[in-house]
Novice: 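One structure follows; several queries about it will come next.
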Amino acid sequence: MKRVFSLLEKTWLGSPILFTWQKSSGNYLAATGADHTVKIFDRHGQKKSEINLPGNCVAMDWDKDGDILAVIAEKSSSIYLWDANTNKTSQLDSGIRDQMSFLLWAKTGSFLAVGTIKGNLLIYNHQTSRKIPVLGKHTKRITCGCWSTENLLALGGEDKIITVSNQEGDTIRQTSMRSEPSHIQFATIKTNDQSAATENTISAVIGKKILCIFNINDPDCPIDVEFQQHYGSIVCYSWFGDGYIMIGFSRGIFVAISTYFQEIGHEVFQTRNHKDNLTSIAISQTLNKAATCGDNCIKIHDLAELKDMYAIVNLDDENKGLGTLSWTDDGQLLALSTQRGSLHVFLTKLPILGAACSTRIAYLTSLLEVTVANLVEGETPITVSVDVEPNFIAVGLYHLAVGMNNRAWFYVLGENGVKKLKDVEYLGTVASICLHSDYASALFEGKVQLHLIESEISNAQEERETRLFPAVDDKCRILCHALTGDFLIYGTDTGVIQYFYIEDWQYVNDYRHPVGVKKIFPDPNGTKLIFIDEKSDGFVYCPVNDATYEIPDFSPTIKGVLWENWPMDKGVFIAYDDDKVYTYVFHKDTIQGSKVILAGSTKVPFSHKPLLLYNGELTCQTESGKINSIFLSTHGFLHSLKDKPPNELRQMLAQTLMLKRFADAWDICKILNDHAAWNDLAKACLHHMEVEFAIRVYRAIGNVGIVMSLEEIKGIEDYNLLAGHLAMFMNDFNLAQDLYLASSCPVAALEMRRDLQHWDSALQLAKRLAPEQIPFISKEYAIQLEFTGDYVNALAHYEKGITGENKEHDEVCLAGVAQMSIRMGDIRRGVNQALKHPSRVLKRDCGAILENMKQFSEAAQLYEKGQYYDKAASVYIRCKNWAKVGELLPHVSSPKIHLQYAKAKEADGRYKEAVLAYENAKQWNSVIRIYLDHLNNPEKAVSIVRETQSLDGAKMVARFFLQLGDYGSAIQFLVMSKCNNEAFTLAQQHNKMEIYADIIGSEDTTNEDYQSIALYFEGEKRHFQAGKFFLLCGQYSRALKHFLKCPSSEDNMAIEMAIETVGQAKDELLTSQLIDHLMGESDGLPKDAKYLFRLYMALKQYREAARTAIIIAREEQSAGNYRNAHDVLFSMYAELKSQKIKIPSEMATNLMILHSYILVKIHVKNGDHMKGARMLIRVANNISKFPSHIVPILTSTVIECHRAGLKNSAFSFAAMLMRPEYRNKIDAKYKKKIEAMVRRPDTSETEEATTPCPYCEFLLPECELLCPGCKNNIPYCIATGRHMLKNDWTVCPHCDFPALYSEFKTMLNHESTCPMCSERLDSDQLKNISDSTKYLRTEME
């Protein structure tokens, strides 16, 4: 809130001030202090007049129209009357001798009431100058009073009485109060039924504490409203709204109460507005605001929402406290008196006057101050002090105009400041003025005057200085006008919009609208214009092509329109009313032509008047004389896009597309990175014919096809042709056709319809544009009609399509004629045409049509001619033409036809032909049936059953064998046909259970079947068989019982089965039973250890199995079965390894020695005596493990060592053979030789080669397996028996035992199996392993 002026008269200082605003207009303020004068100031603080009084002023008041100010003073019996119109003071003798104390003008009539200190009353009628003295109205001083709208006068005095009198002074009511009344007011109070029309209630403050309210007609029943003690005393109060009272208390509390009957006295609102004290409250009904003052500040509240603080004004220089507040009637000014004798006037509401030209705005900032600003170009605002309170403002590129009534003052806006140029008087009251660079136009009383602003600057002729519109002979009134750089544009009540070209000084364009044009708003260039007509409809008018476009959803409350001033946003404008701003876009170039769309609306804060729109930012003027920018909701995308959720970004994208802001849309699409968003942008570009940008978008999303299409058309200059192509891309084909036909290339419409297969439209277009295309279109149309079932028209179009020149095309048409003829019932023509036609497919299609029409013989004939033998045969069957079927049968592949033929032949008793046909039809049951029943060939039937596994066939064969008494075969085929019960019964009856059991054992059979067999064998005391079938059905204890009962002839098999049973059962009781049996606990005969081994294996007790395996191997070794011993140890070794169980060292050592023995034979056979000798030395060193072959092994060792040149070794083993226990057992062949070796010893020895240890690289003999360096057992090669080398490593792919890669590969050239696991092996399967650490690691573990 702005302070307009302050009054600090020296004579007032230190005394309270009495002041009052002129009623109605508020142009004058009368004020008085303790200086015996009443000074009258205008609303700008200029002193207008002064009334000198004989004493201090007691009271003063303005009459209802604000024409007369009445004043009474001490020491005077006169009433002083100052006339505002003549600025003269007159005196009126009251005729009352005692001192006057009260004065008040009536609200409606011209009555003045004056009261005295003795309680007398004078009523003066100013109109008639009649005075009515009323003596003794009160017995003491009259202190307060109030007039009602019905001219009733309520008075209160020190005698504690309130009287109500009429305008004649007669007392109507009188009521006594318990204390002195003050602040009497009339009001209307709500009753239960409805609100009363008249002021029926009086309110008064009684004794400064109580608010008393009573009805005039019932003064004896007052309502006293009392308040809390801490509020303090009532300072003042005021009625507002619909029966509410606002009350201010001395201690700063501010309360609103309701007087509605049911809630009278209820506090609607209460706040401590001021900390220490409150001195006054004032309400402005015009502004709907309330002001309170106290504590050096004024606070203003909105009556609609009392909680909201509208403004706070601090008065820090007023240290003695504040006085009274008062508004002008129009709410524009608020005056405040203070205790120290000053008076401050604040501007609370300014007339909202403003104008804009390009991006420059001018607006009223105080009653006599206009600010000119250009926020867009960043110019500093200029304030211009003006001489009068303006009614209108206009701004141009270099000038400012303000004015009132018929005068306007022009100012030049120079770089160095503002200079007053001149003032102009017009011929009538000016409604509005427009300025541009050189000219001004003023609208007054239906006319417009166009004149130069600065006549000196132009050398123009006199007639170009000014001109009055319309011409004298034109009987119209101008309702609106606008000025652009080139044109004066105006609209009239007859609906004419005239363009006057200033440069040529003549009319250049006019547009006639059916009704009067109320307002016009040209865009900055003047190329587009928005006008509002008298029906409050809005239109965009383009003078270039004289076209108008209605603005959609145009509210009838629209006050004005602003065009977007941002140069890139052509076509955007807003229309505004009091509450909202509607954003519109005029799309000039779209494929659907020009149109206006509503982009959205934005709520505008209360009493904001839009002045300028620039890039979505709307600059508005407010009541307080400031400007405020708001951003349109349709331009949300101009703020930061970061961290916005996708749904908000999509809304922003829609806004950018509406406003044609494609660059912004591109940025949003990049953030969204969503295919749908890119597509929307691309479609919008196509819609607005922005082909280049559309290509850019489609490139970004990788739509190659449409980019290529757009590249082809982007250079087209024909607007309609280009729009047609784009409409087609957007699937709006009717629009595309209209645009093509209006373009320079109408045949494009025909091409489009053909491509779309809209044949009807295409034919219509072809007749006009390209008659030679008709046959080809007719053919395509006929195909479509045939598809939809319209055969009559299809036939006609096929016939129309025959050209006689284009063979391929004509063949299609003739085929169509053939098919349509048949469908229309002209069968002979159709069939002949089809037979003549070269196409097989046509014959098939016509055949199918005929078949559906039950014309079988013709259909079969066409099928046969077309070589569709299956179809022909099937149709011949329907005609029962078996002879023809027989002819075609060799060409037929369909089993169905063969089956039909077979049935026919069987019915005729021709079984051989029937069997062949059934076989072709894959009907094996019928084949078996005929072989058994008619052709008596059971062998063939049996072979077919075995081949096809047919259940029904097996049943038939079983029945056949049953009749022959061959029960075994019958059982076999019954089981095959899943008839297990019948087979079981048969086996039982004919004692063929073994056969049944054998057959059933190889089938997928249920436990019940196994159990029934087991029970049968149990009854027969055949324990092995009973046990076997109990095992199969999972009854392990019974199975074991039977296996252990088996006679000794079946012992081996029975024990094997018992082990399997226990392995499956995993039952400790059964296991111990079996172990007892194996150990001979039951019969005193221990069984072979191999069974115990197998039992442990079956139970997965690998450690026990390993121990057993070592024992078995030892026994086998002692018996000389070295291979068996080797295999037992190897299989156990592999099992333990797979179960990740540590292998006992004894087992590993025994396996190594046995393997070395097995390698000897392989090396000797291959003639490698050195390797053989080395392995024999290893075996001979452990000769105790080979007790049954000591002498032969030592003999072989001596011979092989001798052959290999290991003479010393040969000698040492020969010496061993010479021991007495061995000497006589030496083979006679070698005995002498060995004796000679001992007698003449040769101790020469080939040194054994050394190779590195794979663990520690220590060099040791190649057949040594214990490294002296790192004390590790080194893995040995299964091909040579030597220790492994790190860089020559491979493994057997079957048993995973290591071997030297080079040696194993050489060995496999002679051998085909692995020497360790005896699995077949090829040298190609070996892989040289470069990294052997994982094998070495497991050995170390």
Side-chain angles (χ1 to χ4, degrees), residues 1089 1093 1096 1102-1163 1171-1190 1193-1194 1197 1213 1248 1251 1253-1255 1258 1260-1284 1291-1292 1295-1300 1314-1318 1335-1341:
F1093 169 67
Y1096 284 135
Y1102 298 111
R1103 287 193 172 82
E1104 289 80 352
R1107 282 202 288 277
T1108 317
I1110 293 166
I1111 295 162
I1112 293 168
R1114 209 178 291 140
E1115 283 176 9
E1116 292 281 9
Q1117 232 168 314
S1118 302
N1121 301 331
Y1122 304 124
R1123 186 81 216 187
N1124 287 1
H1126 175 278
D1127 291 350
V1128 166
L1129 288 176
F1130 165 71
S1131 63
M1132 194 61 234
Y1133 189 103
E1135 191 62 51
L1136 291 175
K1137 203 167 168 190
S1138 71
Q1139 298 299 327
K1140 296 191 171 51
I1141 294 171
K1142 190 172 185 331
I1143 288 137
S1145 60
E1146 186 186 353
M1147 177 185 281
T1149 309
N1150 285 358
L1151 180 60
M1152 179 269 293
I1153 293 163
L1154 284 167
H1155 189 67
S1156 301
Y1157 179 73
I1158 280 160
L1159 285 176
V1160 172
K1161 285 182 183 170
I1162 296 169
H1163 291 318
K1171 285 181 189 153
R1174 290 284 180 211
M1175 289 302 102
L1176 277 167
I1177 290 169
R1178 187 183 286 166
V1179 171
N1181 285 338
N1182 292 282
I1183 197 70
S1184 61
K1185 291 195 164 64
F1186 300 87
S1188 45
H1189 292 84
I1190 291 175
I1193 289 170
L1194 288 175
T1197 309
F1213 290 117
E1248 188 176 352
T1251 49
C1253 163
Y1255 291 105
F1258 182 87
L1260 70 157
E1262 60 189 4
C1263 287
E1264 184 60 60
L1265 299 182
L1266 180 69
C1267 173
C1270 60
K1271 300 289 183 285
N1272 267 319
N1273 274 321
I1274 307 171
Y1276 56 90
C1277 163
I1278 58 172
T1280 62
R1282 295 173 184 168
H1283 71 71
M1284 288 299 292
V1291 293
C1292 166
C1295 61
D1296 209 33
F1297 269 81
L1300 295 165
C1314 166
M1316 179 61 81
C1317 61
S1318 307
Y1335 296 100
L1336 290 169
R1337 193 166 65 245
T1338 55
E1339 292 297 334
M1340 286 171 84
E1341 284 165 5

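Hydrogens, waters and symmetry mates play no part in the numbers below; they use all other heavy atoms, side chains included. Sequence positions, counted from 1, serve as the residue numbers for this chain.
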Novice: What closest approach, in Å, do Arg1123 and Met1316 show between heavy atoms, and which atom pair accounts for it?
Specialist: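 Closest pair (atom of Arg1123, atom of Met1316, distance): NH2-O, 4.0 Å.
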
Novice: Which atoms form the tightest heavy-atom contact between Thr1197 and Ala1180, and what is the distance?
Specialist: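 The pair with the smallest heavy-atom distance is OG1-CB, 3.9 Å.
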
Novice: Taking all non-hydrogen atoms of both residues into account, name the closest pair between Leu1159 and Gly1281 and its distance.
Specialist: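 That would be CD1-N, 3.6 Å.
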
Novice: Could you tell me which non-hydrogen atom of Gly1172 sits nearest to which non-hydrogen atom of Val1160, and how far apart they are?
Specialist: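 Taking every non-hydrogen atom into account, O-CG2, 4.0 Å.
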
Novice: Considering non-hydrogen atoms only, spot the tightest contact between Pro1315 and Ile1158 and give its length.
Specialist: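 Heavy atoms only, the tightest pair is O-CG2, 4.5 Å.
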
Novice: Once you round to the nearest 0.5 Å, how far does NE2 of His1126 lie from NE2 of His1155?
Specialist: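 One gets 5.5 Å once the value is rounded to the nearest 0.5 Å.
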
Novice: List in chain and number order the residues that pass side chain to side chain contact (heavy atoms under 4.5 Å, CB included) with Glu1248, two or more places apart in sequence or in another chain; answer none if no residue qualifies.
Specialist: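 Expected list: Arg1174, Pro1261, Glu1262, Cys1263.
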
Novice: So how far is it from Leu1265 CG to Met1284 CE, rounded to the nearest 0.5 Å?
Specialist: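 Those atoms lie 11.5 Å apart.
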
Novice: Listed by chain and number, what are the side chain to side chain contact (heavy atoms under 4.5 Å, CB included) partners of Ile1190, not counting sequence neighbours?
Specialist: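 For Ile1190 the side chain to side chain contact (heavy atoms under 4.5 Å, CB included) partners, ignoring immediate neighbours, are Ile1183, Leu1194, Tyr1222.
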
Novice: Just do the side-chain contact (heavy atoms from CB on, under 4.5 Å) check on Ile1193 and Tyr1157 with the steps written out, would you?
Specialist: CA-CA 9 Å; Ile1193 289 170; Tyr1157 179 73; 4.0 Å; yes

Novice: Evaluate the side-chain contact (heavy atoms from CB on, under 4.5 Å) criterion for residues Thr1251 and Leu1260: first the C-alpha distance (whole Å), next the side-chain angles of each, then the deciding distance (0.1 Å), finally the verdict.
Specialist: CA-CA 6 Å; Thr1251 49; Leu1260 70 157; 5.7 Å; no

Novice: From Leu1176 CG over to Asn1181 CG, what is the distance, rounded to the nearest 0.5 angstrom?
Specialist: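 The CG atom of Leu1176 sits 10.5 Å away from the CG atom of Asn1181.
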
Novice: Of all residues at least two apart in sequence or in a different chain, which pass the ring pair (Phe, Tyr, Trp, His ring centres under 6.0 Å) check with Phe1297?
Specialist: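 Ring pair (Phe, Tyr, Trp, His ring centres under 6.0 Å) check on Phe1297 returns Phe1130, Tyr1133.
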
Novice: Can you list everything that forms a ring pair (Phe, Tyr, Trp, His ring centres under 6.0 Å) with Tyr1276? Sequence neighbours excluded, please.
Specialist: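 For Tyr1276, no residue satisfies ring pair (Phe, Tyr, Trp, His ring centres under 6.0 Å) once neighbours in sequence are set aside.
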
Novice: Could you work out, with side chain to side chain contact (heavy atoms under 4.5 Å, CB included) as the rule, every residue matching Ala1279, not counting sequence neighbours?
Specialist: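 Listed in chain order: Cys1277, Phe1304, Met1307.
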
Novice: For the pair Asn1272 and Cys1253, evaluate side-chain contact (heavy atoms from CB on, under 4.5 Å) and give the outcome as yes or no after the intermediate values.
Specialist: CA-CA 9 Å; Asn1272 267 319; Cys1253 163; 5.6 Å; no

Novice: Can you name the nearest heavy-atom pair linking Cys1267 to Cys1270, along with the distance?
Specialist: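 Between these two residues, the closest heavy atoms are SG-N, 3.3 Å.
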
Novice: Holding to side chain to side chain donor-acceptor pair (under 3.5 Å), I want the full list of residues that pass it with Thr1149, two or more places apart in sequence or in another chain.
Specialist: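 Listed in chain order: nothing, the list is empty.
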
Novice: Is Arg1282 reaching over with its side chain to a backbone N or O of Leu1300, donor-acceptor style, under 3.5 angstrom?
Specialist: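 Checked: no pair found.
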
Novice: Has the side chain of Tyr1255 got a donor or acceptor atom that lies under 3.5 Å from a matching backbone atom of Ile1274?
Specialist: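 Side chain of Tyr1255 to backbone of Ile1274: no pair is present.
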
Novice: Measuring from atom CD1 of Ile1278 to atom OG of Ser1156, what distance do you get when rounded to the nearest 0.5 angstrom?
Specialist: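 Here the rounded value is 12.0 Å.
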
